[in-house]
Structure formats: structure tokens, C-alpha cells
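Heads up: the structure comes next, in C-alpha cells.
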Amino acid sequence: MGITAIRGFNDILPSEVGKWQFVEKTAREVFEGFGFAEIRIPILERTELFSRGIGEATDIVEKEMYTFTDKGGGSLTLRPEATASMARAYLEHQLYAFDPVAKLYCFGPMFRYERPQKGRYRQFYQIDAEVFGVGNPVVDAEVILMLIHFLRRVGLEKLELQINSLGCRDCRPRYREGLKAFLTEKSFQLCEDCQRRLQTNPLRIFDCKVQTCQEAIADAPKVSDFLCGECDTHFDKVKECLSMANLDYVLNPRMVRGLDYYTRTAFEVVSYDLGSQNAVTGGGRYDNLFQEIGGLDIPGIGFAIGMERLISLLPKDKEFIRYPDLFIAAPGKGTHGEAYRLANQLHLEGIHTEFDYEGKSLKSQMRRADKLKARYVLILGEEEMKKGRAVLRNMADKSQEELPIDNLTGILKNKIGKD
RNA sequence: GUGAGUGUAGCUCAGUCGGAUAGAGCACUGGGUUGUGGCCCCAGUGGUCGAGGGUUCGAGUCCCUUCACUCACCCCA
């Protein structure tokens, strides 16, 4: 093997690309129907954008970013997520001056230096959708509704929507301290990792798989007990709106988000067909992000969908590959040029046509037509060609008919359009 | 960063206790049919046994090192 792709960076081969196009096309249709507009943003940003936006102490910023110094001497980072960049673009171009409310979506690769495993790669693709400028809980529900609607449209079932409220900058620290105090008394029960988490991020202990840690936190206080009045009514309103839309959800008081900027509503959609990395999408509200990166006090909410994870869940029986409409077989040497001429003519008409480049036997050409799953084969026989005619074979039912070559385009368009 | 598993043909995999020229199926090419696909039959192409070192008369097989991939931890989409 010569040069290979680097670890965690994958090629998406033609046989897979149909799925990607389908998912992207569906996302565009659904999101634009909800009033979202596409935005395209760079994949490189100043490192500062992420360290301030995502949070210095997060795993992403601490150890997962692809950061380097460019020739101008500045520190740049391949984006590990899109929200901070989208917020930056919104501020930089003062989109709020036209309308404080911006509903944006974008597609693209993200980069995180992690050990790859099932559903986790160093370059991975996300679909992001964000609403900037609305603090009202109705929009939380609206965003979640759009997300679920999209997931159903691409054919996913057996999904579970989990929601939680993380509180705001007032009540989250209170909860954190409360939890810390509670667990400190039980710290002898905690594993080594959780001893550390107790200091750095006590909320994470909820995720620990160690039996004794689970026992320790079994009757730990919940976020909901600590929410301030405003966060409490906000969350109630979100739940109420979800119910109004007939969306089923599971309250997961243990759900924690890894990025510092999340506040209040947090949600995840998980699938039990995914393996260990079971979140297809995750998101939430981030009312502090804009202040961290720019100063203006603008609320936001959004989600990121993991493309690879989503695509791995797509129904298996669905066909995403486009097969040729026609294969032109030219068994005789004298008919080769005609195959080339005809194929080009048909290409200009948008008819997906293949032909043999190698001058192989008719049998071999037929075999290839079959392998490519061409619907029709046009056989340019020397006998027929002398009369200006050719044989058109329907590969599915084996029927054949002799046709005049000069009228071929019209006839094919008619036939192919029919089914 | 940590742990476990796996590396033999393009793909999926056999390969016994260390023994002779490393196999099968699929795929590919050609033929059986001078001009007709799938099924069948025949033949052919294709290998640095991941790489490097060691033990041995002899290594795909045993040992060491290394690389890659996979899964899991951590964390997240």
C-alpha cells in the first residue's frame, strides 16, 4: 500500500455519496420550510474563537483541537464545531441589524483529535441549525420539532428524544456546588476518575459506568431541584410546547453537555443501534455564547447532527445509486465511432449513457451493461447500421426492437420518462 | 492518552504439532455461443502472508519490536 489517508479521515466513496446527497437535500427542504437559510463559513478560525466560545476547560479545547501557527504568526484552529463560527459571522456581518432573529443552517466537516472508534472520526461531518436572537422557550420547542421532523423524513425510527434543563449562570453554579457537597461526603465510594471529576466537573459523574459511583449518585440532587424561577418556567414551557406538538420525550436529568456555553434547554436524540457513541444529534440553548465571543447579549439555540452516525442508521433497503439509462454496445470495429457520437448526443440530452471504450466482444459488453444495471442496451449491429437502424434491448424483460438511429433521442426520452 | 482484539489475493476467509510449490469462494479476464447479460461449465490473471528483527535445518505458524485497522474507556455529533 502506498500513501494512505490519515487516521480518522475517511473517503466517502461514490457508492455512499448518494446517501449523503439524499440527507443534505432533505435537510435543505425541511429547514428552509421552517424559514432557515443556509450560511457557508470557513473551516479555519482564530483559535481564540473556540477557546473563548467553547470554554478553556473543556476536553475539546484542552486536547482535541487541530491548532497550528500560520505563516503570519497567528494561532489558527480547524473548527471542532460550527456554532461559534456561525455566531461570529452573525456578529461580524451585523445580521441582527436587518432582523434580530436569524435562522441559519450549514453543512460541513469538523475536526477533533480523538482516538477514532465506531461513529467517531477525526474529520466528521455535521448538519448544524441555529436560531439567534430569540430567548423565548417556544423557539426551543420549534427547533426540536424541526429536528425530529427531519429525522423522520430521512427514514429514521426507533429514536429517543431526551431533554433536560441545565439552568442558567445563576442556578447552574448553585447546583454544581450542591452536587459537589453531596458527593464529597460519599467520595470514598467514587472511582479514581470520579474523584477527579468531583473537582473538575461533578456533573460528569452521572455518566460513570462504575457500579459504586452509580450507587453514590443514586439519590443525588437533580438539576430540577435547583433551577431558578425563570429557568423553571422556561423549561415548563418547552415541555408544554413539545406536548402540544405531540412529541414524545424522555426527561433525562443526568444529561450533561460537554461545551461550556450551553444553558437551560439541552437535548439529544439517541439510537440504540449505534454502539457506544449513541447520540445522533445533540444541541441546546446557549445564552452566554455571544457575550463570550463578542460582547452583545444575544440568546441562541441550535443543534448539530452527526452525518456519519445518521447515515449509518439509514434504512438498508433504500437505493441511492443512479444506474445508466442506456448502454451502447458496438460489437463491430466500424460501429465504434458511432457509439461515441451517439453517447455524446444523449449526454447533452441528460440521458445517462455508458458505452464500451475497449472494443471488446459483444458478450463482454453485454456483461458490463448488466453489471452496471443499465435499463436498456442499444446494439449497433453492422447489418442494421447499413440500414440506419439499431437494436434496442430492454434488459429487464429481454424484449428487443429495431429502431431508426436518427430518431433515437426522442424515443429514448419517451421510454425512460415512462418509468 | 489508556485497554483489548485483528492483520494471508481486489473482497470474505481457510491454512493442523513449525515441514515440501500458500489455498477456497466471490470478483476480474478469456472461452464454451464468429452478434446478445444474469444461471451453468472450462481456463487464466492476481500474494512483500502488514513491516523489521530474532529462534530454527526449516517460520504464514513461535518470540520481540513497530505500524495499521477495529472496538471500548475518556469525551462527544
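For the numbers below, each heavy atom of this structure counts, side chains included, while hydrogens, waters and symmetry mates do not. Below, chain A is the first sequence line, B the second, and so on; all start at residue 1.
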Using the [atom1] atoms only, state how far [M] lies from [N], rounded to an integer number of Å.
N	M	atom1	answer
B:rA68	B:rG52	C1'	15 Å
B:rG31	B:rG38	P	13 Å
B:rU6	B:rG44	C1'	33 Å
B:rG15	B:rG7	P	11 Å

Which residues within residues 50-59 of chain A lie with some heavy atom under 4.0 Å of an atom in RNA chain B?
A:Asp59

Of all of residues 12-22 of chain A, which get a heavy atom below 4.0 angstrom from RNA chain B, listed by number?
none

Would you mind telling me which of B:rA77, B:rU36, B:rC75 lies closest to the side-chain atoms of A:Arg393?
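From the listed options, B:rU36 comes nearest.
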
Which nucleotide wins on minimum distance to the side chain of A:Arg7, given the candidates B:rC69, B:rA77, B:rA72?
B:rC69

Going by the angle between their ring planes, with limits at 30° and 60°, are [X] and [Y] parallel, tilted or perpendicular?
X	Y	value
A:Tyr286	A:Phe290	parallel
A:Phe34	A:His149	tilted
A:Phe31	A:Tyr105	perpendicular

Those residues that, when tested against A:Phe320, pass ring pair (Phe, Tyr, Trp, His ring centres under 6.0 Å) (two or more places apart):
A:Phe22

So which protein N/O to nucleotides 30-33 of chain B N/O distances come out below 3.5 Å?
unit_1: B:rG32; atom_1: N7; unit_2: A:Lys363; atom_2: NZ; d: 3.2
unit_1: B:rG32; atom_1: O6; unit_2: A:Lys363; atom_2: NZ; d: 3.4

Ionic contact status for A:Arg174 with A:Glu177, cut-off 4.0 Å:
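A salt bridge is absent here (no side-chain N lies under 4.0 Å from a carboxylate O).
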
Have a look at [X] and say if it touches a base, only the backbone sugar-phosphate, or nothing, with a 4.0 Å heavy-atom cut-off.
X	value
A:Gly282	sugar-phosphate
A:Gln365	nothing
A:Glu268	nothing
A:Ala369	nothing

Which string of ( ) [ ] | and . matches RNA chain B, if you list each base 5' to 3' and count Watson-Crick or G-U pairs only when both distances are under 3.5 Å?
(((((((..((((.....[...)))).(((((.......))))).....(((((..]....))))))))))))....

Verify the contact: side-chain N or O of A:Gln117 to OP1 or OP2 of B:rA72, cut-off strictly under 4.0 Å; return yes or no.
yes

Between the protein and nucleotides 1-4 of chain B, which nitrogen or oxygen pairs are less than 3.5 angstrom apart?
unit_1: B:rU2; atom_1: O4; unit_2: A:Arg115; atom_2: NH1; d: 2.5

